[in-house]
Amino acid sequence: MADIIKLLPDHVANQIAAGEVVQRPASVVKELMENAIDAGSTSIKLIIKDGGKALIQVVDDGVGMSETDARLSFERHATSKISSAQDLFNLETKGFRGEALASIAAIAHVDMQTRTSSNEVGTHLKIEGSKIVSQDVVATPKGTSISVKNLFFNIPARRNFLKSNQVELRHITDEFHRVALVHPNIEFHFYNNGSEIFNLPIAKHRQRIVHIFGSKMESRLVPVNEETEVVKVSGFICKPEFAKKSRGEQFFFANNRFIKSPYLHHAVVAAFEGLIKSDTYPGYFLFLDVDPSSIDINIHPTKTEVKFDDENTLYAILRSTIKHSLGQFNVAPVLDFDHDPNLDTPYSYKEKGVVIPKVTVDATFNPFQEAPTKKNTGNSFRKQSTKGWEDLYEGLGNQNDHNEFSSVVIESESEEQGTLYSDKDVEEHLASTFQLRRKYVVSTVKSGMLVIHQNRAHERILFEKFLGEITVKEGVSQQLLFPLELTFNKQELAVLQEIKESLTNIGFAFQSLEEETVKVTGVPMMVPESGIGTVLDRLIADYMEGYADSSISQAEMLAKALSRNLAVRTGDVLDQESQLTLVNNLFACKEPTLSPFQKITYTIISEGDIDKKFN
Ligand code: ADP
Ligand code: MG
């Protein structure tokens, strides 16, 4: 057989390598900004058009390149940063592989202008898909400007894979944050579609964080400082009461490089133990300085994962350092984190029932439906229950055996049930319900016992309600007497602007979304006034977390987030009426069986199953 192995031509090899280095516009931003920093710049401009699909440009005032270097910089494995393998263990620069520019030039149209201080004129190079299109002499300021246009122009599959401009912009912003946070001694400007979205003057770390994440950060930051033989830790943690639902503002930097480390993250979370709720995450900006030879940043092509020599020690130091800071700044003892008044909803009567079995209930309030009175509950039930729900009850109608259940009701008052069922119409159609361990709502159906997961069921109900409202724009808005002022950072504002229309459809009203301080003038009926800030914060967080998943629509994502944040939870006591409405509304849903998060909402334990237990 003839020989069949060939060496791949350079441009093909470059394209393959590009697949690793450049996943999306944000990867280009990262590489170009890092090169600018390695070049000793004091001011860096980032210019983006259409989420980076049309243009990514980075302009720096660094050392620039000679004519030869300018050409060489686009060769694969061409780098000025290391010359031997030994150098790898002593890295002071961000780059070292010498493949970023080669990769980018293989899959885009690149235009570079660069000049060193010792040269009067600079070099202007145009490269398209690894081919040099032109090279000229140019008058240009000292430093380098690289524009990357038409990313993935020669790999349509990759180009099609890119997300919406908004989503790509958010990835770019994430990268921008990571670079800007750790270099407060460099000035940054960030322009998107012609408008400046960040202007970061040279500052101290704390100020840089505030410039990026908004002035509300100022009062939240607690400094962290510790120097040991193994590591120097500096930076800030956010006070526990500002812990968020999302993993947003969590940054580790090792030797000025953004890193991801689930292990060290755990150390931070452990230090916050007992101070924050288990489903929230503390914010932190932590800078670790270690001996460069004790860290291996080479294990991942996109270089956010690192390996430390002695991770266990690092863990212990980090944890105790943060605990110390929390203690020193006395943020620990004053908190009552168990009680978040913002989350209180009128249907949660937590703990009250313990004192006297008779609970004062606002009988006119029913979170599950618009109609407020008991009588209407029955009526609306009959109107709504068309989807298989009646089948479940068929044959139960006049049997009174369901009353046996009401006699074992533990958490509701039995007299209340009497009144509830005295309405003949209702009695004909409804079995009684009771709540089990503040988690399930139990009822009888024709074939046995129906057990509903209250939280998931309510999520399903709200999900369909909000989805409907977002699409048909019929959300009922409750106007606020006094507009509520809330502050958001730029990233949060961008999300709000993006989802504004949907939010308006479900009943939110905003005066303007241009400034950090947003005036809320109306909210959906469901949202208690005291909880508006929390709901919006969580909504934004959920939305940002979900943004990578473009397979679902904005409306769906929003409806999911709203349902998750507004649904009754396990542990909430539901009064009799709410239980019934929950059951009714669940089975009026299009897809009652699953929660919006694909979890089972109810199960039926058949008579046969029960019989077996008695064998
Ligand atoms: P690496 O950064 O790993 O060395 P790159 O492909 O990113 O590889 O860059 C190749 C080389 O081009 C760098 O080593 C550097 O010498 C030069 N270079 C790239 N960008 C700049 C810049 N903005 N200013 C000065 N030199 C640069
Ligand atoms: Mg580089």
Side-chain angles (χ1 to χ4, degrees), residues 21-39 41-62 94-95 100 104 143-148 151 162-203 205-214 217 235 246-253 256-260 283 285 287 302-304 488-495 497-498 516 540 544 547-548:
V21 181
V22 184
Q23 276 107 25
R24 54 179 3 129
S27 337
V28 175
V29 168
K30 171 175 189 280
E31 294 297 339
L32 295 184
M33 296 212 355
E34 290 190 347
N35 279 347
I37 289 164
D38 284 346
S41 310
T42 60
S43 170
I44 298 175
K45 265 197 207 93
L46 171 64
I47 300 161
I48 297 295
K49 289 212 173 104
D50 297 344
K53 293 173 194 166
L55 173 73
I56 299 161
Q57 185 177 9
V58 172
V59 185
D60 70 45
D61 63 352
K94 310 248 168 208
I104 294 166
T144 305
S145 160
I146 300 186
S147 2
V148 176
L151 191 66
L162 293 177
K163 306 271 158 69
S164 71
N165 292 354
Q166 295 274 17
V167 169
E168 293 302 340
L169 178 66
R170 222 152 30 219
H171 284 285
I172 290 171
T173 311
D174 283 347
E175 288 298 347
F176 178 80
H177 287 165
R178 293 168 183 180
V179 174
L181 275 172
V182 78
H183 293 286
N185 53 338
I186 300 177
E187 170 187 297
F188 288 92
H189 298 266
F190 181 175
Y191 300 87
N192 176 51
N193 290 335
S195 56
E196 187 173 62
I197 56 173
F198 285 99
N199 173 346
L200 308 177
I202 292 173
H205 267 137
R206 186 184 190 113
Q207 246 20 59
R208 178 55 59 95
I209 295 170
V210 171
H211 286 147
I212 294 178
F213 292 106
M217 266 294 167
S246 74
R247 300 162 160 274
E249 285 140 19
Q250 287 136 355
F251 296 87
F252 273 122
F253 300 90
N256 285 351
R257 191 186 287 275
F258 172 80
I259 59 160
K260 281 187 186 150
F285 306 86
F287 305 92
T302 51
K303 295 177 279 186
T304 51
F488 296 96
N489 67 37
K490 289 198 171 152
Q491 211 177 3
E492 292 164 343
L493 265 186
V495 172
Q497 285 159 2
E498 196 176 322
E516 269 192 10
I540 292 170
M544 290 207 273
Y547 72 67

**Q.** Minimum-distance pair of heavy atoms, taken over all atoms of Lys53 and Ser164
**A.** NZ-C, 3.8 Å
Q. Hey, what do you get for CG (Leu55) to CG (Leu151), rounding to the nearest 0.5 Å?
A. 11.0 Å
Q. Any side-chain heavy atom of Ile172 sitting closer than 4.5 Å to one from Leu46?
A. yes
Q: State, to 0.1 Å, how close Ser41 and Ile44 come at their nearest heavy-atom pair, and which atoms those are.
A: CB-CG1, 3.9 Å
(Q) Once rounded to the nearest 0.5 Å, what's the spacing between atom CD1 of Ile202 and atom OG1 of Thr42? (A) 6.0 Å
Q: Just do the side-chain contact (heavy atoms from CB on, under 4.5 Å) check on Glu249 and Met217 with the steps written out, would you?
A: CA-CA 11 Å; Glu249 285 140 19; Met217 266 294 167; 3.1 Å; yes
(Q) So which atom in Phe488 and which in Glu492 form the shortest heavy-atom distance, rounded to 0.1 Å? (A) CA-OE1, 3.4 Å
Q) Do His189 and Val59 touch side chain to side chain, with heavy atoms closer than 4.5 Å? A) no
(Q) Between Arg257 and Val182, is the side-chain contact (heavy atoms from CB on, under 4.5 Å) condition met? List the steps. (A) CA-CA 8 Å; Arg257 191 186 287 275; Val182 78; over 6 Å; no
Q) Distance under 6.0 Å and angle within 45° of the ring axis: does Lys490 meet both against Phe198? A) yes
Q: Taking the side chain as every heavy atom from C-beta outward, state whether His171 and Pro25 have any atom pair closer than 4.5 Å.
A: no
Q) Considering only heavy atoms from C-beta outward, does the side chain of Ile48 approach that of Phe176 to under 4.5 Å? A) no
Q: Quick one: pull up OG1 in Thr173 and CD in Gln166 and give me the separation to the nearest 0.5 Å.
A: 9.5 Å
Q. Within the side chain of Asp60, is there an N or O that forms a donor-acceptor pair under 3.5 Å with the backbone of Gly143?
A. no
Q: Report the relative orientation of the aromatic rings in Phe251 and His177; use parallel for angles under 30°, tilted for 30 to 60°, perpendicular for over 60°.
A: perpendicular
(Q) I want to check something: taking the side chain as every heavy atom from C-beta on, are Lys163 and Arg24 in contact at a cut-off of under 4.5 Å? (A) yes
Q) Is any side-chain heavy atom of Val58 closer than 4.5 Å to a side-chain heavy atom of Asn35? A) no
**Q.** Minimal non-hydrogen separation, Gly51 against Glu168, with atom names
**A.** O-CB, 3.3 Å
Q: Of all the heavy-atom pairs spanning Asn256 and His183, show the shortest one and how long it is.
A: O-NE2, 4.2 Å
**Q.** Parallel, tilted or perpendicular: ring planes of Phe287 versus His205, cut at 30 and 60 degrees
**A.** parallel
Q. At what distance, to the nearest 0.5 angstrom, does CG of Leu181 lie from CZ of Phe285?
A. 6.0 Å
Q: Over all heavy atoms of both residues, which pair between Ser43 and Ile186 is shortest? Give the atoms and the distance, please.
A: N-CG2, 4.0 Å
(Q) I need the Asn489 CG to Ile212 CD1 distance, nearest 0.5 Å. (A) 10.0 Å
Q) Does any non-hydrogen side-chain atom of Phe188 lie less than 4.5 Å from one of His211? A) no
Q: Starting at CG of Asp38, measure out to CD of Glu31 and round the result to the nearest 0.5 Å.
A: 10.0 Å
